[in-house]
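Okay, structure first, notes after.
Counting convention: from 1, in listed order, for ligands and their atoms alike.
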Amino acid sequence: MQDKSQQPSKSREELSLLQNLSEPQKHYVVQYLFPTLVDAMNLFMMEAQRSSHYEEFMKQNYTKPTQSMQQIQNQQPTIDAISTKSSSFQSYNYQPNVDQKPKVDQMEQKRNQLISSRSRFSSGTSFNSAVSLNTIQFDPVQQFQEAFVEASKSQKNRSKLNNDTNSVNSPLVRPSDQYLQTKRRSVFSRPYETLDEMQEFTPPVHQKSEEQLQKLMEILKTSFLTKNLSLFELKIIADAMYLKKFQRNDLIIRYGDIGQEYFILDSGVVEVLVYQDGVDPNDPLIFKKVKFSKFLKPFVGFGEIALLYNDKRTASVRAADVCDTWVLEGKVFKHIIIKATITRRNIELQFIDSINVFKDIDRFNKMTLIDALEPKKFSQGDTIFQQGSEGDNFYILEEGEVDCYQKVFGQNEPKLIRTLQPGDHFGEIALIGDCPRTLTVKVKSTNCKLLALSKVQFLTILPIIEPYLKKDWSNINPSMNASQIMPTKQSSFRAYSLQKKSSEEDESSSDNSCRQGQQPTKTSSFGSYSLKMQENSQSPPTRGKSRLVQQNQIIEENENEDEFNATAQSQEQNFGQQDEETQKQQLINELANTQVLIDDEQDGTVMQEQTNIEQK
Ligand SMILES: Nc1ncnc2c1ncn2[C@@H]1O[C@@H]2COP(=O)(O)O[C@H]2[C@H]1O
C-alpha cells in the first residue's frame with residue numbers, strides 16, 4: 001500500500017476513468033487484481049496483529065455502527081462516499097483522489113455498508129460471485145477500501161490476542177512506522193497459494209528473545225521440511241514455537257500415540273526408537289522389540305510423520321540427555337508445513353515408487369529423498385551435462401526423453417548411445433567414480449522434467465540403490481568399450497572403482513569408462529567404505545569420508561580409524577554392555593540395511609544409528 005499523501009492529488013476526471021472501464025475490464029480487475037489485494041491486506045493485518053506493535057495497533061477506539069443491516073443494504077453509495085477516505089484510511093495516510101469530502105455521517109454509513117458486505121471479501125474465491133457490477137457502479141477505489149475494511153474486521157474477529165477485538169466493526173489502526181518499514185514488503189511477496197489457508201486460523205505468538213527468534217529462523221531456513229517456505233511463513237512458524245525442556249529419559253514422543261506436536265531439538269540429544277513392524281504400542285515387552293535406534297543432535301526436527309500423514313507416531317523419541325526443544329503445535333504445522341510438503345511428497349512418491357532404483361528404500365528415507373530431489377525443467381536441445389565436465393548431480397527422468405552421446409577416440413562426432421525414457425536415471429558414474437562425465441546428455445523431447453539429486457545426497461543412498469544401479473549400467477550401454485572413451489579431464493581414481501575389480505567388473509562398462517585412462521590420485525571415502533566391505537565382509541567398514549545426509553543435516557563419517565574408534569567408544573558408552581564384536585556385527589547389519597549416519601561435522605557429537613537395541 002502506498003502512502004498516497006506524498007502523491008499529487010488526482011482529479012475527479014481521472015477517477016471517473018476507472019469507472020468507465022468496459023465490463024470485461026471491470027471483470028478482469030475484480031477477478032484477478034482485487035483478490036490479490038484483498039489477500040495481501042489480510043496478510044498485512046494478520047502480521048500486524050502478530051507483531052510486537054499489536055498493542056499500539058489495538059489502542060484506538062472506534063465508533064460502532066448505529067444502523068441496522070437492512071438500512072445499510074438499502075443504501076446506494078454515492079460517488080463521494082465511495083471515493084472519499086474513511087476513518088480507517090485516514091490512519092493509513094490514505095488520501096482520497098477527490099476534492100470534495102463527504103460529511104462524517106456519510107462516511108459512517110458507507111463504512112457500515114462495507115462491513116455488512118463482509119462475505120464478499122472473505123476470500124478470493126467468493127469475491128467474484130459477490131461483486132455485482134449491475135447494482136453498484138464499479139469503482140476500484142471503493143472496492144479497495146471495502147476490502148481493506150473487511151480485512152481489518154475479519155482479522156479482528158480471529159484475533160486471540162485481545163478480548164476487545166470481537167466487534168466486527170473495528171476499522172484499522174495504523175501500526176507504528178517502525179513496524180511498517182520492516183514488515184511491509186514481506187506481506188506483498190507472499191505466495192498466493194497459501195493465502196486461503198492462512199486465513200483460516202490465527203497462529204499463536206509465543207514471546208521469545210530476538211536472539212532466539214533469529215536462531216529459530218536460521219534453523220527453519222535449513223530444515224528439510226521448512227527450507228522451501230517463504231520468509232513470511234517461516235516467521236509465523238518461529239513465532240508460534242515455544243521452548244519445552246525435557247529431563248534425561250523423559251519420553252518426548254510415544255510410539256502409537258496421536259501426533260500433536262512437531263519438535264526441533266535446540267540442545268541435548270534425543271534417541272529415536274524404531275520398533276519392529278506391527279508391534280503393539282501396549283505390548284509390555286515392547287522394549288525388547290526395538291528394531292534400531294538413532295540419536296539426533298541439535299537442530300534436527302522430529303515428530304513430523306504423524307502430523308504429515310495424520311497417523312500415529314511411528315517411533316518413540318526419548319531424551320537421551322537434558323534437552324531443550326522448540327515445539328510447534330500440530331495445528332500450525334498442518335496449516336503451513338503440510339500443504340507445502342505433502343503435496344510434493346504425494347506427487348513424487350508415486351513416481352519414486354515406480355522406479356526400480358529406489359525399490360529398497362524404506363518409507364522414511366524415501367520421504368527424505370523426495371525432499372532432497374530438486375525438480376528441474378529443460379527444453380529441446382538443452383545440454384544437461386557435457387562429457388568431460390564435473391559431475392554434480394544424479395538425475396531421474398520424470399518426463400520427456402534425453403539422448404546420451406559419447407565421443408570416443410578416433411571419432412570426430414559424438415555417437416548417440418541411447419535414448420532414455422521417463423523413469424530412467426543417469427549421471428551416477430561421475431559421482432561414484434569421482435571422474436568426469438562419461439557422456440553428454442541432451443534433451444530430445446520438446447520439454448523434459450528431471451529430478452536432480454546432489455552428489456552428497458546421492459552418496460548417502462548409494463549403498464541402498466547400488467545393486468540396481470549396477471544392473472542398469474550394463475543395460476544403458478552394453479556395447480560400450482571403455483578403453484575407447486576419451487577422458488577430457490584428469491580426475492581421481494576412486495577406490496570405489498577398485499571394488500569393481502571383483503567378478504562383477506564386466507557388468508559395468510560405464511564404470512570402467514571412468515577408471516580406464518585415469519590415474520588414481522586420492523582415496524575415496526565412499527570408496528574406502530565399499531572397498532573394505534568387499535575385502536572382508538565380516539569386519540566393520542573403515543570409515544572413510546562418506547557423506548551421509550539425514551533430514552537437513554550433513555553428517556560426515558569419521559575420516560580415520562581413530563575417529564571411528566571414538567565413535568564406537570561413544571556408542572559403547574551409550575549402549576553399555578555390548579562387546580566389540582557385537583557392535584561390529586551390528587554396524588555391518590546396519591550398513592547392509594543402509595541405515596544412516598554418523599558423526600557431526602561441526603561439534604563432533606556422535607550420532608549413531610544402532611540396531612538390535614534389545615541386546616543391550
Ligand atoms: N527411521 C527413522 N529415522 C529417523 N527418524 C525417524 C525414523 N522413523 C521415525 N523417525 C522420527 O521419529 C518420530 C516419531 O514420531 P512421528 O512418527 O510423528 O515422526 C517420527 C520421525 O520424526
Can a salt bridge be assigned to the pair [X] and [Y] using a cut-off of 4.0 Å between side-chain N and carboxylate O?
| X | Y | value |
| --- | --- | --- |
| Lys244 | Asp324 | no |
| Lys221 | Glu218 | yes |
| Asp239 | Lys208 | no |
| Arg318 | Asp250 | no |
| Asp392 | Lys455 | no |

For ligand 1, is there an N or O atom under 3.5 Å from any N or O atom of Ala306?
-> yes
Would you say Lys312 and ligand 1 have an N/O pair spaced under 3.5 Å apart?
-> no
Region of [X] engaging ligand 1 - heavy atom pairs below 4.0 Å:
| X | value |
| --- | --- |
| Val272 | side chain |
| Tyr275 | neither |
| Glu304 | both |
| Ile253 | side chain |

Are Arg437 and Phe385 in a cation-pi contact, defined as NZ or CZ under 6.0 Å from the six-membered ring centre and within 45° of the axis?
-> yes
How would you list, by chain and number, every residue that makes a ring pair (Phe, Tyr, Trp, His ring centres under 6.0 Å) with Phe378, sequence neighbours excluded?
-> none
Heavy-atom contacts with [X] under 4.0 Å: which atoms of ligand 1 show up? List them by number with element.
| X | answer |
| --- | --- |
| Lys294 | 1 (N), 2 (C), 3 (N), 4 (C) |
| Arg313 | 15 (O), 16 (P), 17 (O), 18 (O) |
| Phe292 | 1 (N) |
| Phe302 | 22 (O) |

Compile the donor-acceptor pairs under 3.5 Å between side chains in residues 257-264 and protein atoms, sequence neighbours left out, one pair per line.
from, atom 1, to, atom 2, distance (Å)
Asp257, OD1, Arg254, NH1, 3.1
Glu261, OE2, Tyr242, OH, 3.3

Heavy-atom gap Tyr262 to ligand 1 smaller than 4.0 Å | no
Is ligand 1 less than 4.0 angstrom away from at least one heavy atom of Gly303?
-> yes
